Q: 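Can you keep this structure in mind? I'll have questions shortly.
Worth knowing before you read on, the calculation uses all heavy atoms, side chains too, and leaves out hydrogens, waters and symmetry mates. Model, not experiment: these values are computed from the prediction.
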Amino acid sequence: MKLYNTLSRSIEDVQPFVSGKIGLYACGPTVYDYAHIGHMRKYTMDDVLIRTLKHAGFAVTHVMNITDVGHLVSDDDVGEDKMEKGAKKYGKTVWELAKEFEAFFWKSIDAMAVNHPDVSCKATDHIAEQIALVQTLEQKGFTYVIGDGVYFDTSKFPGYGELSRLDPEHLKAGARVEMVEGKKHPTDFALWKFSPEKEHRQMEWESPWGKGFPGWHIECSAMSMKYLGEHFDIHTGGIDHIPIHHTNEIAQSEAATGKHPFVKYWVHHNFLRVNGEKMSKSLGNFYTVDDIVSKGFSPMALKLMFMGAHYRSELNFTWENIAATQTAYEKLVASLSTAHQESDRTILSDEKLQKVNEYRTKFFSLLEEDLHTPEAMSVFWEVLKSNIPGGDKYELIMEFDTVLGLKLRENVAAYESKHEHIPSGVRQLVDMRQAARDAKDFAKSDTLRDEIARFGWSVEDTASGQKVKKK
Ligand code: AMP
Ligand code: ZN
């Protein structure tokens, strides 16, 4: 298995710390608003990654957090806590907000047929672990306290910015506009923030430094290390996390444990865009899975759209695009049902067996090469059009679907329960008639219609192809 590692900016062979076992941590959602299909793209591709790793023989422990405190509107440790802001917007308590939007997130994840992590952990359930980590950093001399909180001194950590290839000189020159007063360097970041004196915060905890709440980055270090150990194999997130969130996670984790690297492989997903802009909660240009469904599209059509783009490339969402993948998904289910009904599987000829094996190897090696889903999907469509006998075609595509998660077995079964079973002899005549029609041989097409009728079936020509019904 090979993956692009942001740390080395190159494709690397995945060799976990413990042979055959992978610890994977995924940055989870901040539950202050509705999870949108941009989030779904990220978690769908995490899911494909995990399923591919498992298919390749690795045992994977997947941990994902839920951010329910401490993520500020600005990355510069200033501005409101997104959760407290969301609570005001929706007229709810922060706790109610977190509960409702977490539930909405899981509902969307389930609709997308994305597997749940082995451990899902909330920041507010791990305050003690975060305080303990800040104490370790304090004992090792990496922190300082100023008016508004406890800060990490990035100048004390020599490898700071390796992940994002930050250049310290450039950073000095481009010092952020709004810098917290007393911060020693522009890159220093909050580990613990004090509750503001004048403003009432709904979420706050006692700490050795005073009442307050954790900085955003510390939760991911504290929880990933709690569940996966002081260093682990894969960490995922969106590309927006490279310069600050993940850069800071590395600094504080390695400073605390003295172990390098904290994470072996950093996997970063590109964004889902809409009209060329990042789909985001703060820009308000987002659609949820519910929006997709209410417009008559299946979450599986959305997933099929995601598969068509490599996870490190941008993808622009349009309603035309989803309409096209919806049609493709429906045709896929119908043709898989046809293949399935040719279940009179015989022993495959050597040539066909070889073909099946070639397709299988090609498909999985494309995924094992940094998750090349678009190319793997070309193989998928090639299989569908190939002359492999139906039953074997069906089984091979179902094997592909163990990593894609397009709910094909379930949807083919649902399709079959709604449609009559067409005997293979009739199906053959229908296919011959399709070939005749494609060749504009309408006389032959009519003869075949009569022949089909002799078996007691009728064909009707519609925009989406021939509809076959029992007379
Ligand atoms: P957030 O809830 O904003 O903390 O985001 C949770 C995860 O979803 C992060 O890894 C983000 O990078 C990712 N994400 C947010 N918006 C998008 C988007 N439009 N496309 C892809 N991933 C996104
Ligand atoms: Zn994180």
Q: To the closest 0.5 Å, what do you measure between CE (Met279) and NE2 (His39)?
A: 10.5 Å
Q: So among Thr61, Val114, Thr236, Val60, which one has a side-chain contact (heavy atoms from CB on, under 4.5 Å) with Ile50?
A: Val60
Q: Return all side-chain donor-acceptor pairs below 3.5 angstrom for residues 133-142, not counting sequence neighbours, or 'none' if the list is empty.
A:
unit_1: Thr136; atom_1: OG1; unit_2: Ala132; atom_2: O; d: 3.0
unit_1: Glu138; atom_1: OE1; unit_2: Trp209; atom_2: NE1; d: 3.3
unit_1: Glu138; atom_1: OE2; unit_2: Trp209; atom_2: NE1; d: 2.9
unit_1: Lys140; atom_1: NZ; unit_2: Ala256; atom_2: O; d: 2.7

Q: Does the side chain of Thr402 come under 3.5 Å of the side chain of Lys54 through a donor N or O and an acceptor N or O?
A: no
Q: How long is the gap from OG1 on Thr361 to CD on Glu368, to the nearest 0.5 Å?
A: 10.0 Å
Q: What distance separates Asn115 CG from Arg51 CZ, expressed to the nearest 0.5 Å?
A: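 The distance works out to 4.5 Å.
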Q: Strictly by modelled atom types, are Asp46 and His269 linked by a side-chain donor-acceptor pair under 3.5 Å?
A: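 Side-chain D/A pair, Asp46 to His269: present.
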Q: Check whether any side-chain heavy atom of Phe363 sits under 4.5 Å from a side-chain heavy atom of Val403, and report yes or no.
A: yes
Q: For the pair Asp370 and Arg312, find out whether any cationic side-chain nitrogen is under 4.0 Å from an anionic carboxylate oxygen.
A: yes
Q: Is it true that Gln252 and His217 share a donor-acceptor pair across their side chains at a distance under 3.5 Å?
A: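 No, because no side-chain N or O of His217 sits under 3.5 Å from a partner of the opposite role on Gln252.
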Q: Can you check whether Leu24 reaches Phe232 side chain to side chain, under 4.5 Å on heavy atoms?
A: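 When only atoms from C-beta onward are counted, Phe232 and Leu24 do not touch, as no gap falls below 4.5 Å.
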Q: State whether the side chain of Asp13 and the backbone N or O of Lys2 hold a donor-acceptor pair below 3.5 Å, judged by distance alone.
A: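 The answer is no, because no donor-acceptor pair under 3.5 Å joins these two groups.
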Q: Rounded to the nearest 0.5 Å, how far does CD of Glu314 lie from CD1 of Ile239?
A: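 So the CD1 of Ile239 and the CD of Glu314 are separated by 7.0 Å.
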Q: Any side-chain donor-acceptor pair under 3.5 Å between Gln202 and Thr93?
A: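 Checked: Gln202/Thr93 side chains show no N/O donor-acceptor pair below 3.5 Å.
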Q: Quick one about His241 and Glu249 (side-chain donor to acceptor, distance below 3.5 Å, no hydrogens or angles considered), yes or no?
A: no
Q: Look at the aromatic rings of Tyr34 and Phe104 and report parallel, tilted or perpendicular, splitting at 30° and 60°.
A: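 Rings of Tyr34 and Phe104: perpendicular, as their planes differ by over 60°.
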Q: Does one side chain, of Thr124 or Asp68, offer a donor that lies under 3.5 Å from an acceptor on the other?
A: yes
Q: Hey, can you tell me if Trp106 and His116 have their rings parallel, tilted or perpendicular (30° and 60° cut-offs)?
A: parallel
Q: Applying side chain to side chain donor-acceptor pair (under 3.5 Å), can you list everything that pairs with Trp216, at least two apart in sequence or on another chain?
A: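 For Trp216, no residue satisfies side chain to side chain donor-acceptor pair (under 3.5 Å) once neighbours in sequence are set aside.
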Q: Just checking Lys259: does its NZ atom have more than 12 heavy atoms from other residues, nucleotides or ligands closer to it than 6.0 angstrom?
A: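 Buried by this count: over 12 neighbours within 6.0 Å.
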Q: Are Asp33 and Lys82 ion-paired here, with the side-chain N under 4.0 Å from a carboxylate O?
A: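 A salt bridge is absent here (no side-chain N lies under 4.0 Å from a carboxylate O).
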Q: Give me the ring orientation class for Tyr287 and Trp319: parallel if the planes are under 30° apart, tilted from 30 to 60°, perpendicular past 60°.
A: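 Because their plane-to-plane angle is over 60°, the rings of Tyr287 and Trp319 count as perpendicular.
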Q: Measure the spacing between CG of Asn411 and OG of Ser337 and express it to the nearest 0.5 Å.
A: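 Reported value, rounded in 0.5 Å steps: 11.5 Å.
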Q: Looking only at side-chain N and O atoms, does His126 offer a donor or acceptor that is under 3.5 Å from a partner on Tyr227?
A: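 There is such a pair between these side chains.
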Q: Do the non-hydrogen side-chain atoms of His235 and Cys27 ever get within less than 4.5 Å of each other?
A: yes
Q: Is there a donor-acceptor contact under 3.5 Å linking the side chains of His245 and Asp75?
A: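 Result is no, nothing qualifies.
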Q: With sequence neighbours left out, write down each residue that passes ring pair (Phe, Tyr, Trp, His ring centres under 6.0 Å) with His260, or none if nothing qualifies.
A: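 Checked His260 against ring pair (Phe, Tyr, Trp, His ring centres under 6.0 Å); zero matches.
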Q: Look at Glu102 together with Lys122 and state whether they make a salt bridge at an N to O cut-off of under 4.0 Å.
A: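 Answer for the salt bridge query: yes.
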